[in-house]
Amino acid sequence: MTKMTTIAILLLATAGACSKKTDGAPASATKSTDTPAAAPAVAPAPVVTAEPAAAPAPAATGPSADETKEYLGLKLAPMGKWKPTWDGDAKVAKWENEEYMTSIVVRVVKDKLDTIDDLKEAAPMMMQLGTAITKVDETNKTDKGWYAVVTDDEGKNNEMVYVRKFGGSQIVCSGNTTKRKDAMSAGGITKEEITKACESLTVK
């Protein structure tokens, strides 16, 4: 065997071995061109904002009743036999009538008297009532304020209480509506008389 023949045999053998290795090798993995699925979008968390604070109630404006002034700074006009009077010591304005033992009384009151429940709570300490309220005979709102006709804790006396506000002040105008037995008995003022007096009040 010649040298050239030997070299040719070796080359063929080498080529065969390489061919076997190539045929048996697994196909090379190809890089996937598929893009991964996009993650679902997450909605942003809702922004929670605090409720705006309620605006404070506007301060009461306008002329007010004033217990340091004569007649509380109010105008009390005569009504027939009912004449206005002023008690500076007690800081009470009144309409008085010689035919009656009681008066239609006006006072500045600092208690909160927006409802009948407020009136019930304040009644025992109020000069114009001075007792607990055991019965509410009538309540009514008006364009001037509101009023109630109530019975005291003994169940004998009836009082009409009319609550009005002037600017930043509050007044209670009241009268005894208890039916009189005779001319010397307390009470007997009609609801109409009290209403007329209380609704006639204006600030000077």
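Residue Asn157 forms a side chain to side chain donor-acceptor pair (under 3.5 Å) with just one option from Thr151, Asp152, Thr177, and that option is Asp152.
Taking a 6.0 Å sphere around CE of Met127, one finds it holds more than 12 heavy atoms contributed by other residues, nucleotides or ligands. Around the NZ atom of Lys83, the shell of radius 6.0 Å holds more than 12 heavy atoms that belong to other residues, nucleotides or ligands.
Contact between Ser103 and Ile189 at its shortest, heavy atoms only, is O-CD1, 3.8 Å. Contact between Lys144 and Glu199 at its shortest, heavy atoms only, is CE-O, 3.8 Å. Taking each heavy atom of Trp95 and Pro84 in turn, the nearest pair found is CD1-N, 4.0 Å. When all heavy atoms of Met101 and Ala186 are compared, the closest pair comes out as CB-CA, 4.1 Å. Nearest heavy-atom pair across Gly168 and Ser64 is N-OG, 3.0 Å. The two residues Asn176 and Asn158 make their nearest non-hydrogen contact at OD1-O, 3.1 Å.
Side-chain contacts under 4.5 Å among hydrophobic residues (ILVMFWY), followed directly or transitively, place Val172 together with Val109, Leu113, Ile116, Leu119, Met126, Leu129, Ile133, Val136, Trp146, Val150, Val161, Val163.
With sequence neighbours left out, Lys191 forms a salt bridge (Lys or Arg N to Asp or Glu O under 4.0 Å) with Glu138. Residues satisfying the side-chain hydrogen bond (donor to acceptor under 3.5 Å, both in side chains) test with Gln128, not counting sequence neighbours, are Ser174. Partners of Trp82 under the ring-ring contact (aromatic ring centres under 6.0 Å, His included) rule, at least two apart in sequence or in another chain, are Tyr100.
Between Tyr147 and Thr139, the closest side-chain pair of non-hydrogen atoms is not below 4.5 Å. Looking only at side-chain heavy atoms (C-beta outward), Arg107 and Gln170 stay at 4.5 Å or farther from each other. Side-chain contact between Tyr71 and Lys204 is present, with at least one heavy-atom pair separated by less than 4.5 Å.
Salt bridge status for Lys81 with Glu99: present, with a side-chain N to carboxylate O gap under 4.0 Å. Ion pairing between Lys135 and Asp137 holds under the 4.0 Å rule for side-chain N and carboxylate O.
A continuous path of Ile, Leu, Val, Met, Phe, Trp and Tyr side chains, each step under 4.5 Å between heavy atoms, connects Leu201 with Val203, placing both in one hydrophobic cluster. Placement of Met160 and Val105 in two distinct hydrophobic clusters is found when ILVMFWY residues are connected by side-chain heavy-atom separations under 4.5 Å, directly or transitively. When the side chains of ILVMFWY residues are joined at heavy-atom separations under 4.5 Å, either directly or via intervening members, Met79 and Val92 end up in two distinct hydrophobic clusters.
Donor-acceptor pairing under 3.5 Å is recorded for the side chains of Glu193 and Thr190. Neither side chain, Asp117 nor Thr115, offers a donor N or O lying under 3.5 Å from an acceptor on the other.
Taken to the nearest 0.5 Å, the CD1 atom of Ile104 stands 9.0 Å off from the OG atom of Ser200. With rounding to the nearest 0.5 angstrom, the OG atom of Ser169 is 8.0 Å from the CG atom of Asp66. Remark: Lys94 NZ to Thr102 OG1 distance equals 10.0 Å, nearest 0.5 Å. To the nearest 0.5 Å, the span separating OH on Tyr162 from CG on Asn140 amounts to 8.0 Å. To the nearest 0.5 Å, the span separating CD1 on Ile194 from CD on Glu159 amounts to 7.0 Å.
Residue pairs meeting the salt bridge (Lys or Arg N to Asp or Glu O under 4.0 Å) criterion with at least one partner in residues 173-190, sequence neighbours excluded, do not occur; the list is empty. Here ring-ring contact (aromatic ring centres under 6.0 Å, His included) pairs that include residues 174-204, with residues two or more places apart or in two chains, number zero.
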